[in-house]
Amino acid sequence: MAFIKNVNHEEVFNLAQQVSVQKGQVVSKTLAQNSAVSVTLFAFSKGEEIGTHDSTGDAMVTVLEGTGQFTVDGKTYVCNAGEALVMPAKKPHSVYAKEDFKMLLTVVFPQERK
């Protein structure tokens, strides 16, 4: 059983090339999804956005190509390729594409301790 899906295993690959920018769209590709973690690749066309929302888990974005604008709890951050930002759980946040860009989103959800 594979925990990471939609990419080849035991093969070196370029993460950014696994998703393509499509004009006027936000494209996503889920790599992993369970109760503990979500890993998703995104490609944003310039001017596209994901509106304000929040998450029960901490969300970390890593920009792979281009530049993305992130607003967390009313404060704006700009991340370029190679940079990352953590958006804390339960804080409202949004994403805006200042230009075409690609990012990897990793969300870590709280787990009950036993």
Side-chain angles (χ1 to χ4, degrees):
M1 177 167 104
F3 298 106
I4 295 178
K5 61 185 180 178
N6 297 323
V7 292
N8 293 331
H9 289 205
E10 298 184 58
E11 179 180 300
V12 176
F13 61 91
N14 182 301
L15 196 55
Q17 290 176 357
Q18 301 304 303
V19 65
S20 300
V21 171
Q22 295 185 29
K23 188 168 178 64
Q25 294 185 40
V26 176
V27 176
S28 66
K29 183 178 195 177
T30 300
L31 302 184
Q33 181 81 50
N34 60 43
S35 64
V37 68
S38 171
V39 181
T40 310
L41 277 170
F42 284 91
F44 287 75
S45 176
K46 180 179 179 176
E48 293 301 311
E49 62 187 318
I50 295 176
T52 303
H53 62 284
D54 64 15
S55 172
T56 58
D58 285 345
M60 183 174 74
V61 293
T62 304
V63 175
L64 303 172
E65 288 182 357
T67 301
Q69 179 177 294
F70 304 87
T71 301
V72 182
D73 208 17
K75 185 171 181 188
T76 301
Y77 303 86
V78 174
C79 291
N80 299 301
E83 296 178 331
L85 172 69
V86 174
M87 300 178 288
K90 299 182 181 166
K91 287 201 174 183
H93 56 271
S94 62
V95 183
Y96 175 74
K98 293 173 67 83
E99 63 185 38
D100 288 356
F101 89 102
K102 297 177 183 180
M103 70 177 199
L104 179 68
L105 172 67
T106 304
V107 183
V108 178
F109 298 102
Q111 300 294 295
E112 288 186 30
R113 296 193 182 233
K114 296 185 181 193

* Atom pair OG/CZ of S35 and F109 - distance to nearest 0.5 Å -> 9.0 Å
* Asked: At what distance, to the nearest 0.5 angstrom, does OH of Y96 lie from CD of E48?
  -> 9.0 Å
* To do: Enter the distance from H53:NE2 to H93:NE2 here, rounded to the nearest 0.5 Å.
  => 3.0 Å
* To do: Return the orientation label for the F101 and F70 ring planes: parallel under 30°, perpendicular over 60°, tilted otherwise.
  => perpendicular
* Give, for atom CG of N8 and atom CD of Q18, the distance between the pair rounded to the nearest 0.5 Å. => 7.5 Å
* To do: Mind listing the closest non-hydrogen atom pair of S94 and G51 along with its distance?
  => CB-C, 3.8 Å
* Asked: Going by heavy atoms in the side chains, are D73 and P92 under 4.5 Å from each other?
  -> yes
* side chain to side chain contact (heavy atoms under 4.5 Å, CB included) between T67 and Q69, intermediate numbers included -> CA-CA 7 Å; T67 301; Q69 179 177 294; over 6 Å; no
* Asked: Are L105 and I4 connected, step by step, through hydrophobic side chains (Ile, Leu, Val, Met, Phe, Trp, Tyr) whose heavy atoms are closer than 4.5 Å?
  -> no
* Given side chain to side chain contact (heavy atoms under 4.5 Å, CB included), test L41 with L31 step by step and report yes or no. => CA-CA 7 Å; L41 277 170; L31 302 184; 4.0 Å; yes
* To do: Could you check V19, I50, V27, V21 and say which one makes a side chain to side chain contact (heavy atoms under 4.5 Å, CB included) with F44?
  => I50
* Gap between atom CE of M103 and atom OG1 of T40 - 0.5 Å precision -> 8.5 Å
Do any side-chain atoms of residues 82-89 form donor-acceptor pairs under 3.5 angstrom with protein atoms, and if so which ones, sequence neighbours left out?
unit_1	atom_1	unit_2	atom_2	d
E83	OE1	N80	N	2.7

* Decide whether V7 and L104 are clustered together by the hydrophobic rule: side chain heavy atoms of Ile, Leu, Val, Met, Phe, Trp, Tyr closer than 4.5 Å, transitively. => yes
* Where at least one partner belongs to residues 51-68, residue pairs that pass salt bridge (charged side-chain N to carboxylate O under 4.0 Å, His left out), sequence neighbours excluded -> E65-K102
* Asked: When you look at CD of E10, are more than 12 heavy atoms from neighbouring residues, nucleotides or ligands closer to it than 6.0 Å?
  -> no
* **More than 12 heavy atoms of other groups within 6.0 Å of K29 NZ** => yes
* To do: Could you grab the distance from atom NZ of K23 to atom OG of S45, nearest 0.5 Å is fine?
  => 6.0 Å
* Asked: What is the minimum heavy-atom distance between C79 and V63, and which atoms define it?
  -> CB-CG2, 3.6 Å
